Amino acid sequence: MIIAQISDTHITLDTPDAEQRIRDFARTIADINALDPGPDVIVHTGDIVHNGRQDEYAQAVATLAQARAPVYVLAGNRDNRANLREAFSACGYLARDSDFVAYAIDDYPVRLIALDTLSSESNKGDFCSERIRHLIDLTGVETTKPIAVFTHHPPFEVTVGPDRLHFESQDIMSGLRRALQHSGRVVAVFSGHVHRATAGHVAGIPATVMPSIATTLRKGEYPADMRRRPVYHIHRFDPVWGFATETRIVAARWDALPRENGTPAKEPRAPDYSCSRF
Ligand SMILES: [Fe+2]
C-alpha cells in the first residue's frame, strides 16, 4: 500500500504569496499524479486553508479534484471545522454525528485513522476525554489490520525548531499517547503542523512530520534551487517491514503548470470531479 501525505497548504486568496501557495499545491498534486506506481490514497494532514474561509476551501477543493487517487483530509488549527465539513461533505467520510473531524477508512490493507487535535483555546493541539474514547473505539472496531494514524499536531516532542511541544500540555500528550498504545496495532503516526521535516516516536510507535507544501511558509534549510519546490512524503507499507517513508521533491517540469486550474501543461487529461477523490 502506498500513501501520499501532503500538509499545510495554507491556501489564501489575498496575501502577497497567495498565488505561490496555490501553485505549490497544484504542482504537488500533478507530481503525485505522475508517480508510477501511483499512491492508493492521498491524505492531507490539515491547515488546508489559512483563514478557514469558504472561498479558500473552494480553491482547495478545485485543486484536490485534479488528484487521481482518493483524497482524505484532516483539520488543522487554521481550518474551520464547519466550512471544511461543508466543502468536503459530498464524499461521505466525515461523520456528522460528532463535533470533531475524526474517522477511520477501511478500504486498504492498513486501517487509516484521522484524528482531530484542534483546540478551541490556541493554535496548539488538544485531545479531550471524548476524543480519547473515540480513538479507542476506532482502534477496536477492526482487529486484524495494522493501523496508521494521521494527526495535524505531532504527538511527540519535536527536537528541531523553536517549540518542542505542540500540544497544550504534557498531560494531553500523555492521554493521546496511551490511547494510541491501547490496541497495540498502531504501526505509524503521520503529522504536519511544524512546517519542517522531523521524526520521532510515540511510545515506541514510529512517527514522522512532513514540511509544509506552502514553500513560502516552510521551515528549515533548503538549497536555493529548491526554494520554490514543494516537498511531500510517500509512505509505503510492507506487511513484514512496516512503513518506509520517502521524501519527494516536486519535479521542475511542473513549474509551467497553469495556476488557474492546476492542469498539467504537457500532460493534459480530463479532470475527474467524482466525490470519491476527496
Ligand atoms: Fe500550518
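Both counts, for ligands and for their atoms, begin at 1 and track the order of listing. Keep in mind the model is a prediction, meaning the values are calculated, not measured.
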Next item on the list: Tell me, please, which residues at least two apart from Asp163 pass salt bridge (Lys or Arg N to Asp or Glu O under 4.0 Å).
Entry: none
Notebook entry, point to check: With sequence neighbours excluded, what pairs up with Arg133 under the side chain to side chain contact (heavy atoms under 4.5 Å, CB included) test?
Noted result: Ser129, Glu130
Check: So, for Met226 and Arg218, which heavy atoms are closest and what is the spacing to 0.1 Å?
Finding: O-NH2, 2.7 Å
Note to self: On the six-membered ring of Phe25, is Arg21 placed so that its NZ or CZ lies under 6.0 angstrom from the centre and within 45° of the ring axis?
What the structure shows: no
Item checked: Plane angle bin for Tyr72 and Tyr93 - parallel if under 30°, tilted between 30 and 60°, otherwise perpendicular -> perpendicular
Item checked: Within less than 2.8 Å of the Fe ion (ligand 1): protein N, O or S atom count -> 4
Note to self: Checking Asp40 now: which residues fulfil salt bridge (Lys or Arg N to Asp or Glu O under 4.0 Å) with it, not counting sequence neighbours?
What the structure shows: none
